[in-house]
Amino acid sequence: MSEKITNLSDASFDEHVKSSDVPVLVDFWAEWCGPCKMIAPVLEEIASEQAGKLGIAKLNIDDNLDITRRFDVMSIPTLILFKDGEPAARIVGAKGKGQLLQELSAHLS
Amino acid sequence: MTESRQVVIIGSGPAGLTAAIYAARAQLAPLVIEGEPSSTSDQPGGQLMLTTDVENYPGFVSGIMGPELMSAFREQAARFGADYVTAKASRVDLSRRPFSVWVGDPDAEEPTYSAESLIISTGAQSLMLNVPNEERLVGYGVSTCATCDGFFFRQRDIAVVGGGDSALEEALFLTRFADKVTVIHRRGELRASKVMQQRAFKNDKIEFLWNTSVVDVLGDTTVSGLRVRDNQSEEESDLKVAGLFVAIGHEPNTSLFKGQLEMEENGYLRTFDGTRTNVDGVFACGDVQDHRYRQAVTAAGSGCMAALDAERWLEDQAAAR
């Protein structure tokens with residue numbers, strides 16, 4: 001995984017999304033989820049292209065059930081965009097890069 | 001600028017990737033338009049990307065994971081020179097040769113690719129029930145991907161709709177997590193293979209609701225139950241479940257070819273004399289033209305046939321010139 005993507009845990013989640021100066025897109029994923037693997041390279045690309053405007057982070061749901069439950073994640077991949085520490089948008093299911101950027105564009109300036 | 005290719009393959013399941021292996025080994029440098037990530041089977045790698053253990057693909061004594069199998073297919077074709085573009089074909093023009101294929105904006109003046117020959121392997125995707133509230137609750141209890149979402153139904157009661165092999169495979173997989181899996185089937189007997197039926201009947205966590213249809217999905221923010229109808233008494237009742245998985249069959253991904261290629265009444269592409277379609281130079285393989293067998297191995301077999309047919313056809317064209 002590229003260094004542009006932060007690996008979050010139940011312990012580090014709150015501080016990371018609250019202290020970020022830019023919106024953070026958190027990818028709720030797991031090793032056994034095929035569609036999660038498909039979008040991993042897409043998120044890497046977005047992380048490089050949007051560096052400084054958008055932070056990208058991943059949360060492994062197997063290891064971090066507290067945060068997964070707090071946001072009622074019931075399907076993966078789920079992507080939640082956090083602005084000032086609060087969820088601002090949610091994308092459920094794997095999508096191509098074009099569609100992801102389109103759904104995020106309204107929330108990014 | 002339009003890029004020219006001898007062979008363009010649309011779709012990247014077992015059929016498309018086997019066609020790519022054969023076409024690449026025939027030095028035709030095929031381009032595979034592999035699709036885009038999705039949580040349905042309409043994605044690179046196709047339906048097997050949403051499965052776990054594939055136990056009936058020859059050569060794997062103890063089975064293989066679907067995504068692992070597809071990634072091996074993909075690498076094998078790449079090794080012989082197949083190229084990939086991770087996008088969906090948005091339009092095709094088969095009215096003249098070379099054929100035109102667009103990805104991205106379908107209204108763009110110039111097509112993205114022009115192809116001397118075209119192999120179509122766009123597959124089929126799972127049908128949904130099309131009942132009220134189903135679409136709204138996708139990702140909130142309604143799942144299009146049992147392998148992705150089963151985890152979230154630990155110690156819950158859930159329902160699987162359908163009576164074929166895929167329904168029972170899903171139900172059996174979901175018993176790893178759920179307390180109880182109710183299989184809802186509109187008929188009084190299953191279509192599934194005997195071995196799957198036996199496994200399902202033997203499993204304590206699986207119950208059957210026969211002659212029953214789902215008429216609505218209940219729940220505000222997440223699924224809380226289903227309204228079901230007994231097809232004999234016509235009586236409706238509510239079944240309390242936290243999750244709904246639908247496996248009632250497939251429809252072919254052929255909308256791109258409407259009005260250009262001959263189809264069966266059910267929308268599957270019609271093939272003649274091997275894998276030929278009614279348009280000379282366009283071949284079809286895999287589930288997009290097969291509603292009878294629909295196996296990974298038959299798809300792979302027909303992908304091989306399509307590549308050989310395309311290769312032969314290209315040679316004949318060159319010889320005639």
Side-chain angles (χ1 to χ4, degrees), chain A residues 5 10 25-49 56 58-81 87 89-105, chain B residues 12 34-53 65-71 74 85-88 90 103-105 135-154 156 158 173 176-177 219 221-223 242-245:
Chain A
I5 296 185
D10 278 346
L25 185 69
V26 181
D27 171 25
F28 292 79
W29 73 287
E31 197 55 57
W32 35 262
C33 157
C36 298
K37 291 201 174 140
M38 296 295 306
I39 64 163
V42 175
L43 293 177
E44 300 255 341
E45 280 177 34
I46 296 179
S48 303
E49 290 165 15
I56 296 202
K58 301 181 79 143
L59 184 98
N60 183 318
I61 61 148
D62 262 336
D63 305 334
N64 300 288
L65 275 177
D66 290 348
I67 296 297
T68 303
R69 288 209 182 105
R70 191 200 295 172
F71 294 100
D72 290 322
V73 172
M74 288 183 76
S75 177
I76 53 171
T78 284
L79 304 174
I80 304 181
L81 182 72
R90 183 170 178 131
I91 299 170
V92 178
K95 307 264 157 82
K97 187 178 171 189
Q99 204 181 338
L100 276 183
L101 285 175
Q102 195 186 339
E103 291 191 31
L104 290 172
S105 64
Chain B
S12 61
E34 65 174 350
E36 281 186 353
S38 138
S39 289
T40 71
S41 58
D42 185 7
Q43 62 163 305
Q47 292 173 49
L48 284 187
M49 297 303 286
L50 302 184
T51 66
T52 52
D53 295 301
M65 300 300 264
E68 205 181 313
L69 181 62
M70 293 326 295
S71 123
R74 192 181 188 278
V85 50
T86 309
K88 286 173 87 161
S90 54
V103 306
D105 181 7
E135 199 182 333
R136 176 175 65 84
L137 291 165
V138 166
Y140 301 93
V142 177
S143 176
T144 59
C145 175
T147 54
C148 306
D149 302 341
F151 174 87
F152 299 101
F153 299 94
R154 240 168 247 266
R156 313 293 296 272
I158 59 177
F173 170 74
R176 296 186 198 178
F177 310 101
T221 53
T222 60
V223 171
L244 169 66
F245 296 80

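Chain identifiers are assigned alphabetically (A, B, ...) following the order of the sequence lines, protein sequences preceding nucleic acid strands; residue numbering begins at 1 within each chain.
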Problem - Spatial distance of atom OH (B:Tyr140) from atom OG1 (A:Thr78) [nearest 0.5 Å] - result: 6.5 Å
Handout entry: Candidates B:Thr222, B:Val142, B:Leu137 - the one meeting side chain to side chain contact (heavy atoms under 4.5 Å, CB included) with A:Met74
Key = B:Thr222
Exercise for the section: Go through the atoms of A:Val73 and report whether side chain, backbone, both or neither lie under 4.5 Å from a heavy atom of chain B. Expected result: both
Exercise for the section: Over all heavy atoms of both residues, which pair between A:Ile76 and B:Asp149 is shortest? Give the atoms and the distance, please. Expected result: N-OD1, 3.2 Å
Exercise for the section: Specify the closest pair of heavy atoms between A:Ile39 and B:Pro37, including all atoms of both residues, with the distance to one decimal. Expected result: CG2-CB, 3.8 Å
Completion exercise
Counting heavy-atom pairs under 4.5 Å with chain B, the top scorer among A:Thr68, A:Leu65, A:Ile61, A:Leu100 is A:Ile61
Practice task
Would you mind telling me which of A:Pro77, A:Pro35, A:Gly34 has the largest number of heavy-atom pairs within less than 4.5 Å of chain B?
Solution key: A:Pro35
Problem - Toward chain A, the part of B:Ser38 with a non-hydrogen atom under 4.5 Å - result: both
Problem - Beyond-backbone contact of B:Thr52 with A:Trp32, side-chain heavy atoms, under 4.5 angstrom - result: no
Exercise for the section: Using non-hydrogen atoms and a 4.5 Å limit, figure out which bit of A:Arg69 sits close to chain B: side chain, backbone, both or neither. Expected result: neither
Problem - Within 6.0 angstrom of A:Glu49 CD, more than 12 heavy atoms from elsewhere - result: yes
Problem - Contact origin within B:Ala87 toward chain A - heavy atom pairs under 4.5 Å - result: neither
